[in-house]
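Here's the structure, in structure tokens; my notes come after.
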Number of protein chains: 2
Amino acid sequence: MNETTLYQHGTLALLVPGLLTGTLTMKELLAHGDTGIGTGEGLDGELIILDGKPYQVNSRGEVNVVPDDFTLPFANSHFAAYRPLMTVENATQEELHDQVLGLTHDANTFFSILVKGTFTDVKTRAVAKSGRPFKSLAETAKQQSVFDRQEVEGTLLGYYSPQLFNGAAVGGYHDHFLSADHGFGGHLLGFGTVTGEVQVQTFSTLEQHLPVDDAAYRDHDFSQDDIAGAINQAE
Amino acid sequence: MNETTLYQHGTLALLVPGLLTGTLTMKELLAHGDTGIGTGEGLDGELIILDGKPYQVNSRGEVNVVPDDFTLPFANSHFAAYRPLMTVENATQEELHDQVLGLTHDANTFFSILVKGTFTDVKTRAVAKSGRPFKSLAETAKQQSVFDRQEVEGTLLGYYSPQLFNGAAVGGYHDHFLSADHGFGGHLLGFGTVTGEVQVQTFSTLEQHLPVDDAAYRDHDFSQDDIAGAINQAE
């Protein structure tokens, strides 16, 4: 089991023009890790994999475990081998992010954070699955729901990518959330404060897999897409 | 042996501010492939690996096989499993590049080309190794020699990377050359025409390894570097 490799299927960039076909199954994704995040075909909800279990938060806010044949256009996974980094008390999201970088000096490295604790004013979102023909990320993301909890116990699973890889991945942090009771979660838009335990895992390798058998991906001309702009908007 | 993965150590971006420490040995690079290109510590020449043999063209134009403990800041390798694509006759470099993309539709995919034939007006370059403290890529590259041959039989080994990965790799084609008599080669600046056989190999995966144990890499602030500009200048 390789604990220094982060596996990624697809790119953030291919979502931008709406290349939303599911080109990897959950079974294949889980072969590369027991921990991860992603989205389903047509931006079908927000995925968070913890301890080998793939939870999906859909646009009604429901949390389901998805089957092996669930397909994804964009996702990443890795085998968990976190090390404890610090305890935080009433830290804001920005403080959390900055303190992790300050302690790890990993700004030029792919790494993951796992934060278990009590979060206040948590805001998440999940997009509603769109059908074919798929529209652009900006159009599809209009069909999103936002959820919040004043105080909730749960797990933040985040991935940090060096800015050089913005577009392939999300440059900087990309956080998903799942509550301890598995009743609430999604793509983390933000929170007030967190009190809990912070763990990190550093990767030496990004294994970037591309959907090279997908005709729509192969034939798309990316030169006209404003990828950085779309990431700013959507993330 | 994995024939659908392209392994890359380091990034083009880290060369720009002069992070030129050799952070991978040739032995480690060869463990990921029998075919590849790269440069040595301090931009010590231009490497081309063919059939498992790592040739270096130094700034005096000499071609040497380097030992296992030769170190590299930036390199890539893969296990050769090329498929014949086409025969070309008096094709320019631009025609070669365009025809390969036209036939493969692989503009969004990492792939390699191997061209064996007779080349006219071949221009290569090799940089002279610089010592510590390393200077920027632009400064170091001033110590480069340019070589040419009016007509020469040899092998062009090239890698194509999708533009999204420009900065991590060289977006577009990155070609090295070695003559059949092993007396001439380097980073290919250009040629007049080629007549010969063109083979290609497509990769579904980029295995991007970063020098995460190198303090200079970890601590560098890349936000002020003009990476795309430097690639335009140097490549």
Side-chain angles (χ1 to χ4, degrees), chain A residues 2 4-17 19 23-24 28 32 101-111 161-169 171-172 201-225 227-228 231, chain B residues 2 4-17 19 23-24 28 32 101-111 161-169 171-172 201-225 227-228 231:
Chain A
N2 185 338
T4 57
T5 292
L6 172 63
Y7 175 83
Q8 179 170 286
H9 171 74
T11 61
L12 200 289
L14 61 76
L15 301 182
V16 173
L19 297 166
T23 44
L24 190 85
E28 290 167 319
H32 296 277
L101 277 175
L103 285 170
T104 61
H105 297 274
D106 276 343
N108 299 326
T109 304
F110 291 90
F111 65 85
S161 303
Q163 277 303 327
L164 180 62
F165 294 88
N166 191 43
Q201 183 173 351
T202 304
F203 308 112
S204 61
T205 299
L206 172 72
E207 188 178 344
Q208 170 68 63
H209 181 254
L210 297 173
V212 294
D213 297 323
D214 184 60
Y217 172 75
R218 294 169 61 94
D219 292 339
H220 184 73
D221 175 7
F222 283 92
S223 66
Q224 302 307 310
D225 298 329
I227 294 162
I231 294 175
Chain B
N2 185 338
T4 58
T5 292
L6 172 64
Y7 174 84
Q8 179 171 287
H9 171 74
T11 61
L12 200 290
L14 62 74
L15 301 183
V16 174
L19 297 165
T23 44
L24 190 85
E28 290 167 321
H32 296 277
L101 278 174
L103 286 171
T104 61
H105 297 274
D106 276 342
N108 299 326
T109 303
F110 291 90
F111 65 83
S161 304
Q163 277 303 328
L164 180 62
F165 293 88
N166 192 42
Q201 184 173 351
T202 304
F203 308 111
S204 62
T205 300
L206 171 72
E207 187 178 345
Q208 171 68 63
H209 181 256
L210 297 173
V212 295
D213 297 323
D214 183 60
Y217 173 75
R218 293 168 63 93
D219 292 340
H220 184 75
D221 174 8
F222 283 92
S223 67
Q224 303 308 311
D225 297 330
I227 294 163
I231 294 175

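Each chain gets a letter, A, B and so on, in the order the sequences are listed, and its residues count up from 1.
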Note to self: Treating A:Arg218 as the side-chain partner and B:Thr104 as the backbone partner, does any N or O pair qualify as donor plus acceptor under 3.5 Å?
What the structure shows: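 Checked: pair present.
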
*Residue selection (most heavy-atom pairs with chain A, distance under 4.5 Å) from B:Leu14, B:Thr202, B:Val212, B:Asn108*: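 Maximum pair count with chain A is reached by B:Asn108.
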
Of the backbone (N, CA, C, O) and the side chain (C-beta and beyond), which part of B:Thr11 lies under 4.5 Å from a heavy atom of chain A, both, or neither?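 Side chain of B:Thr11 only, per the 4.5 Å heavy-atom cut-off to chain A.
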
* How close do A:Ala13 and B:Leu164 get, heavy atom to heavy atom, and via which atoms? ->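 Of all heavy-atom pairs spanning A:Ala13 and B:Leu164, the closest is CB-CD2, 3.7 Å.
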
Enumerate donor-acceptor pairs with a distance under 3.5 Å from any side-chain N or O in residues 203-210 of chain A to protein atoms, sequence neighbours excluded.
unit_1: A:Gln208; atom_1: OE1; unit_2: A:Gln8; atom_2: NE2; d: 2.9
unit_1: A:Gln208; atom_1: NE2; unit_2: A:Gly10; atom_2: O; d: 2.8
unit_1: A:His209; atom_1: ND1; unit_2: A:His9; atom_2: ND1; d: 2.9

*asked:* Suppose we screen for ring pair (Phe, Tyr, Trp, His ring centres under 6.0 Å). Which residues come up paired with B:Phe222, at least two apart in sequence or across chains?
replied: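 For B:Phe222 the ring pair (Phe, Tyr, Trp, His ring centres under 6.0 Å) partners, ignoring immediate neighbours, are B:Tyr217, B:His220.
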
